[in-house]
Chemist: 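The structure that follows is given in the form of structure tokens.
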There are 2 protein chains.
Amino acid sequence: MNLKQLSHMLSLSQTTVSRALNGYPEVNEETRRRVIDAAKRHGYRPNPSARRLATGKSGMIGYVLPTGAAVDIDPHFVEFLSGLGDYARAHELDLVLSPADADDEETTYRRIVANRQVDAVYISSPRPADKRLALVNTLGIPFIVHGRSEGFDFDYPYLDIDNEGAFHEAARLLVQLGHKRLALINGNDRETFAIHRERGVGRALAASGLTLGERHIRSVTMTEENGYRAARRLLEENEPPTAIVCSSLIMALGVVRAVRDLGLTIPGDLSLVAHDDVFPWLRPENFPVPLSTTRSSIRLAGARVAERLAARISGLEEGARGEVWPVDLVVRGSVAGAPL
Amino acid sequence: MNLKQLSHMLSLSQTTVSRALNGYPEVNEETRRRVIDAAKRHGYRPNPSARRLATGKSGMIGYVLPTGAAVDIDPHFVEFLSGLGDYARAHELDLVLSPADADDEETTYRRIVANRQVDAVYISSPRPADKRLALVNTLGIPFIVHGRSEGFDFDYPYLDIDNEGAFHEAARLLVQLGHKRLALINGNDRETFAIHRERGVGRALAASGLTLGERHIRSVTMTEENGYRAARRLLEENEPPTAIVCSSLIMALGVVRAVRDLGLTIPGDLSLVAHDDVFPWLRPENFPVPLSTTRSSIRLAGARVAERLAARISGLEEGARGEVWPVDLVVRGSVAGAPL
DNA sequence: AGAGACTTCCAAAGCGCTTTGGCTAATTTG
DNA sequence: CAAATTAGCCAAAGCGCTTTGGAAGTCTCT
């Protein structure tokens, strides 16, 4: 059932039927009702390919997926996707994943924009002065950044959590508990979120005249093994930290293992706080010692990003609105006063 | 730069240019060279929307993503996706994720097929007599199943690992080591892979006159917490198992925690083997006691599925070829002879 | 030399929608 | 009451490809 048949059936022109269905004003309400009714009865669905060709709109959102033999997709991605799906499901919005060589995403961005494959894209894990931002900005495709970048002469729409505030709170708590030697096991410090987190911890320490020395910062990709290694190196130093703030639950697993291997205890010898993106399959309250966390659901963020992308596509949202979500600090058994 | 302009430039018809570019035989090789050359020089790329409308082919593969407030996307998905991207990247093949209500995926399958949104789909985590299989089979869209189903009167193309064989081997090893009371902490037993794994363990036990009683099988979604709970319940029974086979590393984390909480040790009191899908961020050799595993890279499977989908789309692969990959049994410190 | 078979190309008709530019009849306005 | 709007509809022209159905020219064979 296509438009031609439907309009013939109604003894109307394709123009009128099309307009009736798409909510244009220049059609009699009575006629519109007839059309909509007939369309529903006959299960008419406009052919998306034809519509695409005519309008240049695809009704899909895109994501350029960096891949490569040495590249692992962040496990957080799947949670973000769940959220995105939560929104998209209800709006028949599909997501196009365009795998790209991690060393050359630009080609892929250009391709999907030139081909008009998607109406909008989102960008995740941005870095300061991230080239992708500049690119999509000049290419003129609607976009939203999940996270933040820095150092541009233009504003852009984003959704981010208050990483600095969260880690500031966490560190401040530890300082208040008497800890003087804090360490930070961070994610890749070329990404903005990691920079913000470090800044948060640094600010909290500075407020008490303390500092976060180079020695006490590890910046690694977030695997259990890297968490373990970082923790061991920190804890085997001369004056080991008495508290660690850690950027992910997965790394925290490694930290816990290292602490055990060294015959230490949490929170007796070491206080530990980690950031929790809320994985359904690994929960901080189930750690050997319930883990204190800064918590923010990445799934909710996914849903919100989808919602805002849809709004931008339909013109409901404009401009460079930045949105920063607060982060909860949830204190559990893994923190205690500094050892004497 | 579109076809019209290009053909005008070459003083050829659109027909000839189109055919030259698409490798049709009825065009002089000399002409073809000229055309291809000019196309390259001017950076001509056929408009995919137009091509889609004309041919009905989208050049994309699809996946219907079950979502819902109570539905969590399997973290394995991201690894599979990495593999898919490895192949797709090199072939400019995009992946369309169509989020669907987990209780009604059929509508979405029908939509993407009717709209010809994708040229092929893959289906994962199939169950016996899975409705999705019957559906895509009748809808006539090329597909590949990652995993296996059972109980159909038709064959279908799939890629699966030898779950039964793997768990048979694992259980056989444990039996050989003198274990008489084995338990299985499995995934959702409505999915075929879990059934196969149970079958494998059962067969190994039966070969030695042992059985895997109802009591010794837990079938749960694969979270750390569920692994912990299942292990505790098993180990707190009258005659607790001396060996556990576990369907995922994440659950194994929970098992290890439970063992510790109960004051037991691995492998002294309990031998443990788990299936490892090869996550980059959690490796069995880094468990407190290095974990014995049945190993199979889900990422490689993703790449292979993409490759086969592409082959089916282009007609290189036909029929209902099933492909079963062997699984490695990797023995590490977590298994030992049965306690006396 | 004429019939048949290739080879190589082309004009034009789709694919199914949106949108432009009217046209008619009804309504409002001075 | 004539002129100017407006409401409501339509025909036709795209969007940029692929593909059908020739047509003209070149070879081959008897």
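Reminder, nothing fancy here: chain letters follow the sequence lines and each chain counts from 1.
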Chemist: Where does the angle between the aromatic ring planes of B/Y122 and B/F80 fall among parallel (under 30°), tilted (30 to 60°) and perpendicular (over 60°)?
Modeler: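 Because their plane-to-plane angle lies in the 30° to 60° range, the rings of B/Y122 and B/F80 count as tilted.
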
Chemist: Between A/N137 and A/R132, is any side-chain donor less than 3.5 angstrom from a side-chain acceptor?
Modeler: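 No.
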
Chemist: Distance under 4.0 Å to a non-hydrogen atom of chain B counts as contact; along DNA chain D, which nucleotides mark the start and end?
Modeler: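 Here the contact window of chain B covers D/dG16 to D/dG21.
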
Chemist: Give a yes-or-no answer on whether the side chains of A/S124 and A/Y63 include a donor-acceptor pair shorter than 3.5 Å.
Modeler: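 Judged by distance alone, the side chains do pair up.
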
Chemist: Would you call the rings of A/F154 and A/Y156 parallel, tilted or perpendicular, where under 30° means parallel and over 60° means perpendicular?
Modeler: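 Perpendicular, since the angle between the ring planes exceeds 60°.
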
Chemist: Which residues in residues 27-39 of chain A have a heavy atom closer than 4.0 Å to any atom of DNA chain C?
Modeler: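 Output list: empty, so none.
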
Chemist: Tell me, do A/L95 and A/L97 make a side-chain contact under 4.5 Å, heavy atoms counted?
Modeler: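 Contact flag for A/L95/A/L97 side chains = yes.
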
Chemist: Strictly below 4.0 Å, N to O, side chains only: are B/R304 and B/E323 in salt-bridge contact?
Modeler: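 Counted as a salt bridge, because a side-chain N and a carboxylate O are separated by less than 4.0 Å.
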
Chemist: Please work out which residues in residues 41-56 of chain B have a non-hydrogen atom less than 4.0 Å from an atom of DNA chain C and list them by number.
Modeler: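 Within this stretch, B/L53, B/A54 sit under 4.0 Å of the strand.
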
Chemist: Just wondering, are more than 12 heavy atoms of other shown residues or ligands nearer than 6.0 Å to CZ in B/R32?
Modeler: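 More than 12 within 6.0 Å, yes.
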
Chemist: For B/R52 and B/S58, which I'm curious about, is there any donor-acceptor pair between the side chains at under 3.5 Å?
Modeler: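 No, no side-chain donor-acceptor contact under 3.5 Å.
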
Chemist: Specify the angle, to 10°, made by the local axes at the two ends of the helix from C/dA1-D/dT30 to C/dG30-D/dC1 when five pairs are taken at each end.
Modeler: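 So the angle between the two local helix axes works out to 40°.
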
Chemist: Considering only heavy atoms from C-beta outward, does the side chain of B/L6 approach that of B/M1 to under 4.5 Å?
Modeler: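 Contact flag for B/L6/B/M1 side chains = yes.
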
Chemist: Between the side chains of B/T15 and B/S18, does any donor sit under 3.5 Å from an acceptor?
Modeler: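 B/T15 vs B/S18: no donor-acceptor pair found between side chains.
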
Chemist: With a 4.5 Å heavy-atom cut-off, do B/V35 and B/L12 have their side chains touching?
Modeler: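 Touching, per the 4.5 Å side-chain cut-off.
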
Chemist: Considering only heavy atoms, which members of residues 1-10 of chain B lie under 4.0 Å from some atom of DNA chain C?
Modeler: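 Heavy-atom cutoff 4.0 Å gives no residues at all.
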
Chemist: On DNA chain C, does the nearest nucleotide to B/P25 precede the nearest nucleotide to B/T15 from the 5' side, or the other way round? Give the residue.
Modeler: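 Per heavy-atom nearest nucleotide, the more 5' residue is B/P25.
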
Chemist: Enumerate the side chain to side chain donor-acceptor pair (under 3.5 Å) contacts for residues 139-149 of chain B, please, sequence neighbours excluded, ordered by first and then second residue.
Modeler: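 Checked against side chain to side chain donor-acceptor pair (under 3.5 Å) - neighbours excluded - the pairs reaching residues 139-149 of chain B are B/R148-B/D160.
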
Chemist: Do A/R41 and A/D37 sit within salt-bridge range, that is, some charged N less than 4.0 Å from a carboxylate O?
Modeler: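 Yes.
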
Chemist: What do you reckon, is NE2 of B/H8 surrounded by more than 12 foreign heavy atoms closer than 6.0 Å?
Modeler: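 No, NE2 of B/H8 has 12 or fewer neighbouring heavy atoms, counting only those of other groups under 6.0 Å.
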
Chemist: Side chains of A/T67 and B/D86: is there a donor and an acceptor less than 3.5 Å apart?
Modeler: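 The answer is no; no qualifying pair exists.
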
Chemist: Could you say whether A/S11 or B/E26 is positioned toward the 5' end of DNA chain D, judged by the nucleotide with the nearest heavy atom to each?
Modeler: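 The residue closer to the strand's 5' end, by nearest nucleotide, is A/S11.
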
